[in-house]
Number of protein chains: 2
Amino acid sequence: MRVSLKDVAAHAGVSIKTVSNVVNNYQHVTPAMRERVQRSIDALGYRPNLAARHLRKGRTGIIALALPELGNPYFAELAAAVIDAAAAQDYIVLLDHTGGRREQEVLVSQGFRARVIDGLILSPIELETEDLHDRAEQVPLVLLGEREYDLPYDHIAIDNVAAARAAVRHLMGLGRREVAFIGARRGRSEPAQLRVRGWREELTAAGLPTDDGLVAATDGWGHADGAAAMTRILETGRRPDAVFAYNDPMAIGAMRVLHARGLRVPEDIAVVGFDDVVEGRFGAVTLTSVSPDKEAIGRLAVESVLARLGGEAPDPRRIRADYRLVERESTLGRR
Amino acid sequence: MRVSLKDVAAHAGVSIKTVSNVVNNYQHVTPAMRERVQRSIDALGYRPNLAARHLRKGRTGIIALALPELGNPYFAELAAAVIDAAAAQDYIVLLDHTGGRREQEVLVSQGFRARVIDGLILSPIELETEDLHDRAEQVPLVLLGEREYDLPYDHIAIDNVAAARAAVRHLMGLGRREVAFIGARRGRSEPAQLRVRGWREELTAAGLPTDDGLVAATDGWGHADGAAAMTRILETGRRPDAVFAYNDPMAIGAMRVLHARGLRVPEDIAVVGFDDVVEGRFGAVTLTSVSPDKEAIGRLAVESVLARLGGEAPDPRRIRADYRLVERESTLGRR
DNA sequence: TTGAAAGCGCTAACAT
DNA sequence: ATGTTAGCGCTTTCAA
């Protein structure tokens, strides 16, 4: 059986409390006593039982991170950032994925998937405001990503509208006039709405029409969805001179289609992605992309959850992380 | 405060045990009683406190998964498989990453990073046999991946030597005679040794020399490392007619270099990767790759850990997962 | 500065 | 079929 505080106490000939004091680095312990107890701890190989500690303190030292899908490298990289930020505060991360499906997101937000957690970081796709209204769960929740909710939770994201505008502006600056948007979402909910809005606003500001025939809706957000959307646009006979994709995998999928059809990037069609995943830097044509500060997002998310744990209840905040546009061959061409 | 069993019992006018019986779906409860208790549970919004349950049962319902890095899509996809397999058994996954560094791997294997877990799935890179010898931790450990250890732990992997041989054989079948290997590892430990061995064996079997000038060692396993290694080989003046990379990101990095130098894939140099990540299917030239059955690996890993939890102590097994070689444009060319 | 004892919420052995 | 109770390992008053 495992050794408990009691065993150590018996071995050292002291009380349980004294051992506990040593384990928890309590101030007022004489060095001699600390020494003696520590010796017993080492001798017996004592390791505190966290379940018991948690039961007692009501804390588990675990935060959950629920992402749409790990296959998308953006989320994988984000997960890495969150794990590191959590580790820096002695927290461990439970990872879950929702597939971006509302039902799963609701389950997660209600705490039905992971129940041993001190806090939850959720990046929703389809989740609706009303799903969060009757949240029985009282563990702190922090929201990530493009969807915005008018609810009292911290929300961390970059300014998606501004970022999308910057991307489109970059294309305009290169003389492109017909910019397609790939990755609007089918159905009622519109996860991509902020980026579509940025696209629309920037075109309008430039005095250009925003042609819905150039907006391709998709079911998912992977390479294949981007490829399918690009194909669909081309098959209508439209020939835009630029494409702005909801994310990098979709942009890369689109480029694959362009390449296969003999269209040159960027000479014939320039392409801009979103998220700046590593993969975009190593294709035959490197990808221009909006690069959110993932490190910061991960760190801010962890800080937000933990802040609410301390009993402090700061007002819910909308936190803006940085981003920048990384210009590469898919818009600038080969230097 | 949270509602406890006691609160529900009081509300329903029954004993704690009865409520517990209902919550745990104990057999012998009259439907009427079950109904009545359930009503109280719903009314009060009772949710079991897992910390307490775990303290009592000595189980947490959590398994840890420690991977080298999430940025590599192979590991991200594997993580997804493990999470799903665990969910199917009502288990939740704590995710950690080691950076493939021995020190971190040791920490993880000793349980110093996550201590509230029922089992651990570890995919080591630098870890040495002796690091596992004095494992104080008694939670079940399952090993994943290419490194093999002569130790009493379950180990799940594909047959790396055979898979590497299949890849090289495919190249030989296409008439290639000078096959470089990218991604051998610097330093004492050799995570890539099985794949290098397969490469060597197959060349030897074909009566070809295995030229060490065609083996490029790297520090990491990312796109950039593959690109650097490819560059190094080319700059020695060597011009192999094929490249076999340790993994897909390295293969893609290498293809980027070839493309930038005007070398055609596969006409001038054919390329084969390993892991079959999604990204390889959408480049300008799609990538031929060894495709391990990630689903199966994830499932087998979870099953292995959980099997050892049941008190059963089956003999440690070496479990072989399936793989296949997926042939694409980087060796076959454009159809 | 250290010890004794209560109790966190739950399960399981035992009693009814 | 349901109730009583001890105790999982720890932290935390409270007392010495």
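- Summarising the geometry, the separation between CG on A/N24 and C1' on D/dG9 is reported as 12 Å, rounded to the nearest angstrom.
- Taking for each of B/A52 and B/G13 the nucleotide of DNA chain D with the nearest heavy atom, the 5'-most of the two is the partner of B/G13.
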Could you pull out every donor-acceptor pair under 3.5 Å between side chains of residues 63-82 of chain B and any protein atom, sequence neighbours left out?
residue : atom : partner : partner atom : Å
B/N72   : OD1  : B/Y74   : N            : 2.8
B/E77   : OE1  : B/K294  : NZ           : 2.9

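- Rounded to whole Å, the distance from CZ on B/R53 to C1' on D/dC10 is 20 Å.
- Distances shorter than 4.0 Å separate none of the side-chain N or O atoms of B/S4 from OP1 or OP2 on C/dC8.
- A heavy atom lying under 4.0 Å from DNA chain C marks the following residues of residues 15-22 of chain A, by number: A/S15, A/K17, A/T18.
- Partners of A/A51 according to the side chain to side chain contact (heavy atoms under 4.5 Å, CB included) rule, which considers only residues two or more places apart in sequence or in another chain, are A/N49, B/H54, B/L55.
- Closest to the B/K57 side chain, of the nucleotides D/dC8, D/dT11, C/dT11, is C/dT11.
- Under the side chain to side chain donor-acceptor pair (under 3.5 Å) criterion, B/D42 pairs with B/Q38, not counting sequence neighbours.
- Scanning for side chain to side chain donor-acceptor pair (under 3.5 Å) contacts around B/D84 gives A/H97, with sequence neighbours left out.
- For the pair B/R56 CZ and D/dC8 C1', the interatomic distance rounds to 6 Å; values are reported in whole Å.
- Put simply, NZ on A/K6 is 15 Å from P on D/dT11, counting in whole angstrom units.
- When the side chain to side chain donor-acceptor pair (under 3.5 Å) test is applied to B/H155, no partner is found at least two apart in sequence or on another chain.
- The nearest whole Å value for the distance from the CZ atom in B/R36 to the P atom in D/dA1 is 16 Å.
- Using a 4.0 Å heavy-atom distance criterion, A/V23 is classed as making no nucleic acid contact.
- The stretch residues 8-29 of chain A participates, sequence neighbours left out, in these ring pair (Phe, Tyr, Trp, His ring centres under 6.0 Å) pairs: A/Y26-A/H28.
- A/T129 pairs by the side chain to side chain donor-acceptor pair (under 3.5 Å) definition with nothing, not counting sequence neighbours.
- For A/Y26, whose side chain is taken as the heavy atoms from C-beta onward, the closest listed nucleotide among C/dT2, D/dG9, D/dT2 is C/dT2.
- Of the candidates B/V302, B/L309, B/I117, B/Y91 forms a side-chain contact (heavy atoms from CB on, under 4.5 Å) with just one, namely B/L309.
- A/V14 is listed as a side-chain neighbour of A/M33, based on a closest heavy-atom distance under 4.5 Å.
- A rotation axis mapping the C1' atoms of four pairs onto the next four is fitted at both ends of the helix from C/dT1-D/dA16 to C/dT16-D/dA1 over five pairs, and the angle between these axes is 40° to 10 degrees.
- One interatomic measurement links the two molecules: CG of B/N49 to C1' of C/dG9, which rounds to 5 Å at whole-angstrom precision.
- One atom, NE2 of A/H54, and another, C1' of D/dC10, lie 11 Å apart when rounded to the nearest Å.
- You'll find that the side chain of B/L5 is closest to C/dC10, out of C/dG3, C/dC10, D/dC10.
- Between the CG atom of B/D7 and the C1' atom of C/dC8 there is a distance of 13 Å, rounded to whole Å.
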